Amino acid sequence: MSTRFKVGGRTHTIRELFNENSELDTCILGWIQNKSRVGGVIFLTIRDGSGYIQTTFKKDNVSSEVFDKVKEATVESAVKIVGRTKQDKRAPGGLEIVGKDFETIAKAEPWPIVKSAVKSPSFLYDIRHLSIRGKKASSVIKIRSKVIEAAADYFFKNGFYLISAPTIVQSACEGGATLFEVNYFGEKAFLTQSAQLYEEAAIAALERVWTVEPCFRAEKSKTSKHLTEFWMIEAEVAFATHDDIMNLEEELVVEITNRVAQECANELNILGRKFKPPEPPFHRITYDEARELIMKKGVYFEWGEDIPTEGEKIISNEFDKPVFIKEFPLSARSFYHMTKPDNDKVTLSSDLIAPEGYGEITTGGQRLSDYKELEKRVMQQELPRESFEWYLELRKYGMPPHSGFGLGVERTVRWIAGLKHIRAASLFPRTLTRLNP
RNA sequence: GCCGCUGUAGCUUAACCCGGUAAAGCGGCUGGCUGUUAACCAGUAGAGUGGAGGUUCAAAUCCUCCCAGCGGCGCCA
């Protein structure tokens with residue numbers, strides 16, 4: 001937190017107190033995370049946005065008026081604490097505040113989350129607006145923030161412009177059946193599945209663009225890796241080949257994972273996650289090689305089909321760091337993918353598979369830049385041509401070869417933080433069965 | 001869309017198979033305790049078992065339908 005941005009009479013954030021070595025007078029603001037009383041001593045664990053610190057109030061050291069105020073205080077009340085820091089081996093982290101004055105700023109009713117509640121995911125998600133205050137839940141959100149921060153730093157360092165694409169759209173990017181429909185002044189519109197098509201338009205102006213935006217998929221997928229609303233980091237680069245874009249993805253993932261490992265060590269620790277950032281280069285295998293490997297392990301699927309969940313898990317567990325599966329069959333991909341020069345059944349595209357069974361985190365590839373070929377695809381797949389007219393027209397006005405990718409933010413967070421279910425990576429997850437809170 | 005599982009106090013669970021009118025821990029409240037980390041000790045209030053219907057002298061328990069959630073598959077990112 002900036003030292004120039006102080007609120008409510010606070011002199012330090014909790015993190016700042018831990019960074020100071022000397023004992024000092026302080027006033028902090030925060031919430032009571034935990035409270036326990038042993039006769040004449042009351043222990044409060046105070047939480048602010050930067051961390052946690054224990055505060056002790058002793059009956060002998062403060063006025064009875066202050067002691068009574070502390071005694072009355074309830075867990076999760078917002079409070080102001082005045083005191084002096086003191087090193088003490090008995091305190092978590094070795095530092096505590098010896099309380100002198102106390103004030104409840106906003107009182108909390110009895111807190112509904114008791115220790116037995118941690119066993120009940122559906123209860124915790126029913127009261128997600130409260131349960132996000134928990135140590136684990138908030139650590140995940142801090143990690144997610146760092147993932148996006150690291151991505152932004154990487155892109156800006158490399159000459160990318162941040163753009164924002166519309167989220168209300170007329171045309172589908174992927175399959176048409178999985179769109180959320182919205183009523184746009186009596187006209188049928190949809191929530192976007194991807195910013196990609198708009199990024200392709202932007203590269204002729206800006207050459208390298210990136211975006212981080214919500215995507216919506218109305219798939220009735222009831223799995224631990226699907227959200228109906230999720231955030232995607234997408235980039236598109238003019239003149240880039242499919243190989244170039246895999247290099248970019250690899251550098252980005254290395255940057256993100258290193259930054260999280262270094263700067264969120266505490267959060268990973270709270271989650272009990274031992275995470276080692278992957279070393280480049282990542283493995284790159286073809287769809288055919290992946291299929292052979294999967295079938296050798298007893299899972300059969302036809303050439304041309306998308307890799308089934310079980311197969312993806314096999315690949316994910318086979319390597320100790322992320323692996324690209326490249327050259328997917330056209331039949332398993334969207335209409336805009338470029339095919340290999342010597343084989344029009346195979347696309348220049350790839351998925352990046354995270355290790356440890358976490359699975360796919362990105363999809364990328366080279367886009368069709370030729371007008372006639374793209375027009376043919378639109379016809380073949382019976383897409384509503386009117387909606388794609390502008391996208392086709394880009395190919396009439398100097399569209400060079402270009403490539404791009406999308407990285408699922410929550411999937412990446414799920415992998416790095418070691419989460420069982422993707423909904424934990426979202427502040428307020430939207431799934432097949434959850435629209436509230 | 002398919003398969004499987006679950007639904008009992010604010011939360012977690014017991015009683016369900018082999019029907020006899022709900023038991024406990026946590027949390028709450030009251031009191032005690034000068035080093036708690038998911039504290040401890042004593043006392044106390046709190047549910048009629050997701051909903052509707054059926055079988056029965058009797059249903060949390062058996063049957064039917066509905067609703068909600070969970071786990072997985074498919075589809076997909």
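By convention in this document, chain letters (A, B, ...) are assigned in the order of the sequence lines, proteins followed by strands, and residues within each chain are numbered from 1. For clarity, every value in this text was computed on a predicted model and none was experimentally measured.
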Under 4.0 Å, counting only non-hydrogen atoms across every strand here, what does [X] touch: a base, just sugar-phosphate, or nothing?
{"X": "A:K58", "value": "base"}
{"X": "A:R423", "value": "sugar-phosphate"}
{"X": "A:L227", "value": "base"}
{"X": "A:E96", "value": "base"}

Where do N or O atoms of nucleotides 72-75 of chain B meet protein N or O atoms at under 3.5 Å, pair by pair?
unit_1 : atom_1 : unit_2 : atom_2 : d
B:rG74 : OP2    : A:T309 : OG1    : 2.6
B:rG74 : O6     : A:K222 : N      : 3.1
B:rG74 : N1     : A:K220 : O      : 3.0
B:rC75 : O2     : A:S221 : OG     : 2.8
B:rC75 : N3     : A:S221 : OG     : 3.0

Who passes side-chain contact (heavy atoms from CB on, under 4.5 Å) against [X], sequence neighbours left out?
{"X": "A:D153", "answer": "A:E149, A:R259"}
{"X": "A:K58", "answer": "A:V41, A:N61"}
{"X": "A:P355", "answer": "A:P322, A:W415"}
{"X": "A:N266", "answer": "none"}

A:F328 six-ring centre to A:R333 NZ/CZ under 6.0 Å and within 45° of normal:
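Pair A:R333/A:F328 counts as cation-pi.
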
Does either side chain, that of A:E200 or that of A:Y391, offer a donor lying less than 3.5 Å from an acceptor on the other one?
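Yes, because at least one side-chain N or O of A:E200 sits under 3.5 Å from a partner of the opposite role on A:Y391.
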
Under 3.5 Å, is there a donor-acceptor pair linking the side chains of A:Q170 and A:Y184?
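Their side chains do not contain a donor-acceptor pair, so the 3.5 Å distance test is not met.
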
Take atom CD1 of A:I113 and atom P of B:rA38, then tell me their distance rounded to the nearest Å.
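Whole-Å distance recorded here is 16 Å.
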
Separation of A:N34 atom CG from B:rG35 atom C1', in whole Å?
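Taking atom C1' of B:rG35 as the reference, CG of A:N34 is at 14 Å.
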
[Y]/[X] salt bridge by N-O under 4.0 Å criterion:
{"X": "A:R273", "Y": "A:E356", "result": "yes"}
{"X": "A:K326", "Y": "A:E289", "result": "no"}
{"X": "A:E103", "Y": "A:K69", "result": "no"}

Runs of at least three Watson-Crick or G-U pairs with RNA chain B, cut-off 3.5 Å:
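Stem segments, range with range: B:1-7 with B:67-73, B:10-13 with B:23-26, B:28-32 with B:40-44, B:50-54 with B:62-66.
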
Mind checking salt bridge (charged side-chain N to carboxylate O under 4.0 Å, His left out) for A:R90 and listing every partner two or more places apart, or none if nothing turns up?
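Once residues adjacent in sequence are excluded, the partners of A:R90 under the salt bridge (charged side-chain N to carboxylate O under 4.0 Å, His left out) criterion are A:D88.
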
What residue among A:V82, A:L44, A:I42 forms side-chain contact (heavy atoms from CB on, under 4.5 Å) with A:F102?
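Between A:F102 and the candidates, side-chain contact (heavy atoms from CB on, under 4.5 Å) is satisfied uniquely by A:L44.
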
Between the protein and nucleotides 25-33 of chain B, list every N/O to N/O distance that falls short of 3.5 Å.
unit_1 : atom_1 : unit_2 : atom_2 : d
B:rC33 : N3     : A:G39  : N      : 3.4

Can you list, by residue number, the residues of residues 429-437 of chain A that have a non-hydrogen atom closer than 4.0 angstrom to RNA chain B?
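Those residues whose heavy atoms fall under 4.0 Å from RNA chain B, taken from residues 429-437 of chain A in numerical order, are A:T433, A:R434.
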
When the ring planes of A:W390 and A:Y198 are compared, do they come out parallel, tilted or perpendicular, using 30° and 60° as the limits?
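The arrangement is parallel - the two ring planes meet at less than 30°.
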
Name of the residue among A:H402, A:H242, A:E236 meeting side chain to side chain donor-acceptor pair (under 3.5 Å) with A:R367
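Between A:R367 and the candidates, side chain to side chain donor-acceptor pair (under 3.5 Å) is satisfied uniquely by A:E236.
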
Side-chain donor-acceptor pairs of residues 292-302 of chain A under 3.5 Å, sequence neighbours excluded:
unit_1 : atom_1 : unit_2 : atom_2 : d
A:K297 : NZ     : A:E318 : OE1    : 3.3

Is the glycosidic angle of B:rG48 within 90° of 0, making it syn, or outside that range, making it anti?
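Here B:rG48 takes the syn form, which means its glycosidic angle is within 90° of 0.
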
Within residues 21-36 of chain A or reaching into it, pairs that qualify as salt bridge (Lys or Arg N to Asp or Glu O under 4.0 Å) - sequence neighbours excluded:
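Found A:D25-A:R84, A:D25-A:K100.
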
Select one nucleotide: of B:rU37, B:rU12, B:rG35, the one nearest the side-chain heavy atoms of A:F123.
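Of B:rU37, B:rU12, B:rG35, B:rU12 is nearest to the side chain of A:F123.
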
Any A:R411 side-chain nitrogen or oxygen under 4.0 Å from OP1 or OP2 of B:rC76:
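Answer no for this pair, as no side-chain N or O of A:R411 is under 4.0 Å from OP1 or OP2.
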
Just the table, please: protein N/O against nucleotides 44-50 of chain B N/O, every pair under 3.5 Å.
none

